[in-house]
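These notes are about the structure you will find just below.
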2 protein chains.
Amino acid sequence: MALDLLPVVSATGGACCTPLTRDAITEQAAVGLSQVLKALADPARLRLLSLIASHDGAEACVCDLTEPVGLSQPTVSHHLKVLVDAGLVTRDKRGVWAYYALVPGALDAVTHQLGTHLTAGAAS
Amino acid sequence: MALDLLPVVSATGGACCTPLTRDAITEQAAVGLSQVLKALADPARLRLLSLIASHDGAEACVCDLTEPVGLSQPTVSHHLKVLVDAGLVTRDKRGVWAYYALVPGALDAVTHQLGTHLTAGAAS
DNA sequence: CTCAGACATTGACATCTGTCGATATTGACA
DNA sequence: TGTCAATATCGACAGATGTCAATGTCTGAG
């Protein structure tokens, strides 16, 4: 096929398009980053993370968290599971109580990716 | 009613609770922050933001964005509206074309709030 | 004025998400 | 072993969300 010899210019007329200066985020990276952001994008979960960070040693048990957020115990447990699945907190069951702690650096990784891909003129 | 004289200790037995070292994020701040994070928490919108950031001058028109993300034009327009409403990008219609540009500092404000409230031992 | 093209809006639909009540599971203790 | 308390899981429900086809709106060209 000699079709590849044809100039497929499609003649847009030199219109609106501005030139690219670098590559955008990949589909795969966007999906992964959005999954962590989805875990963060809820008022209850933000409060839970903040409460955990505010406790001594950056860890807290469910009984510390249920009352301040004003939600039922199953709902709090559900939100904490979402945060664990997103890799933002860890769960450590000691006896009857479950202690949740921040994962060091997890949030930094998110903000770093945001800055890398979503800031004008950011190179690496 | 003399009920308030009763010691309502509820005797939890001095159990699991760790002490607070500072105040957590307020409900109001959590709602506001989560709204911006919801706008970010979508693969298509992350790619749109990244594409805009990758264009010269950190701005791009819809015709630059529809094809790379692989979605229909109304869907892209919808996502861009979400980003505008969240204060992450601006819309500037010049003639027939609509140019979308990053809002400088908008992303920094988000990451700064995350670091302030969600990092262990972060003071202010 | 009419037409064509770029973009926004609408309406509809399937799917995802947050919430709760009810129930199951687990560990401490008598 | 049996009971109690802390937490997780299940089932159900209302509301939010992402997507597209169809249509509307606006601008520039002729």
Side-chain angles (χ1 to χ4, degrees), chain A residues 10-18 27 30-31 34-49 52 59-67 69-86 89-101, chain B residues 10-18 27 30-31 34-49 51-52 59-86 89-101:
Chain A
S10 83
T12 53
C16 57
C17 306
T18 56
E27 171 71 21
V31 169
S34 73
Q35 283 172 348
V36 184
L37 289 170
K38 275 181 202 295
L40 288 171
D42 182 273
R45 289 196 286 271
L46 286 178
R47 298 208 69 197
L48 287 172
L49 284 171
I52 294 172
E59 75 168 15
C61 77
V62 181
C63 61
D64 287 324
L65 304 172
T66 305
E67 183 268 336
V69 296
L71 294 172
S72 71
Q73 175 266 319
T75 301
V76 172
S77 197
H78 160 70
H79 283 308
L80 289 169
K81 178 176 169 53
V82 172
L83 293 173
V84 170
D85 291 346
V89 305
T90 57
R91 195 181 92 108
D92 178 28
K93 188 146 194 179
R94 296 204 289 270
V96 189
W97 296 290
Y99 288 83
Y100 287 86
Chain B
S10 83
T12 53
C16 58
C17 305
T18 54
E27 171 70 21
V31 170
S34 72
Q35 284 173 349
V36 185
L37 288 169
K38 274 183 203 296
L40 287 171
D42 181 275
R45 289 195 286 271
L46 286 177
R47 297 208 70 197
L48 288 173
L49 284 171
L51 281 166
I52 294 172
E59 75 169 15
C61 75
V62 182
C63 61
D64 286 324
L65 304 171
T66 305
E67 183 268 338
V69 296
L71 294 172
S72 71
Q73 175 265 318
T75 302
V76 171
S77 196
H78 161 70
H79 283 308
L80 289 169
K81 178 177 169 52
V82 172
L83 292 173
V84 170
D85 291 345
V89 305
T90 57
R91 194 180 93 107
D92 178 29
K93 187 146 194 178
R94 296 204 288 272
V96 188
W97 295 291
Y99 287 84
Y100 287 85

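The chains referred to below are lettered A, B, ... by the order of the sequence lines, with proteins before strands, and numbering in each begins at 1. Predicted model, so just to flag it, every value in this text is computed and none were measured.
- Each of D/dA6, D/dA8, C/dC7 was ranked by its minimum atom distance to the side chain of B/Val62; first place goes to C/dC7.
- Taking atom CG of residue B/Leu80 and atom C1' of nucleotide D/dG18, one finds them 14 Å apart after rounding to whole Å.
- Contacts of A/Arg94 with the nucleic acid, taken as non-hydrogen atoms under 4.0 Å apart, are absent.
- In this structure, A/Thr66 and B/Gly95 both approach DNA chain D, and ranking their closest nucleotides by distance from the 5' end singles out A/Thr66.
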Protein heavy-atom contacts under 4.0 Å, written 5' to 3' over nucleotides 14-26 of chain C as B (base), S (sugar-phosphate only) or - (none), form the string ----SBBBB----
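- Note that CG of B/Leu80 and CG of B/Leu49 are 8.5 Å apart. Values are rounded to the nearest 0.5 Å.
- B/Leu40 has its CG atom 16 Å from the C1' atom of D/dG18, to the nearest Å.
- At whole-Å resolution of the value, CG in B/Leu83 and C1' in D/dT17 are 14 Å apart.
- In this structure a side-chain-to-backbone donor-acceptor pair under 3.5 Å is present from B/Ser34 to B/Val31.
- C/dC13 and D/dG18 make up a base pair, with Watson-Crick or G-U wobble contacts both under 3.5 Å.
- Protein atom OH of B/Tyr100 is 9 Å distant from nucleotide atom P of C/dC7, rounded to whole Å.
- A straight line from CG of B/Asp92 to C1' of C/dC7 spans 14 Å, rounded to a whole angstrom.
- Under a 3.5 Å cut-off, the side chain of A/Arg45 and the backbone N or O of A/Lys38 do form a donor-acceptor pair.
- Between B/Tyr99 and C/dA6 there is no side-chain N or O to OP1 or OP2 distance below 4.0 Å.
- Distance CG (A/Leu65) to C1' (D/dT7): 12 Å, rounded to an integer number of Å.
- One interatomic measurement links the two molecules: CG of B/Asp64 to P of C/dC7, which rounds to 9 Å at whole-angstrom precision.
- Of all the heavy atoms in B/Val84 and B/Tyr100, the pair that sits closest is CG2-CE2, 3.7 Å.
- Scored by the salt bridge (Lys or Arg N to Asp or Glu O under 4.0 Å) test, A/Lys93 finds no partners at all (sequence neighbours excluded).
- Taking atom CD on B/Gln35 and atom C1' on D/dT17, their separation rounds to 15 Å, with Å as the unit.
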All N/O donor-acceptor pairs, side-chain side in residues 67-75 of chain B, below 3.5 Å, sequence neighbours left out:
{"unit_1": "B/Ser72", "atom_1": "OG", "unit_2": "B/Thr75", "atom_2": "N", "d": "3.4"}
{"unit_1": "B/Ser72", "atom_1": "OG", "unit_2": "B/Thr75", "atom_2": "OG1", "d": "2.9"}

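- Side chain of B/Thr66 to main chain of B/Val76: no donor-acceptor pair is present (N/O by atom type, distance under 3.5 Å, no hydrogens or angles).
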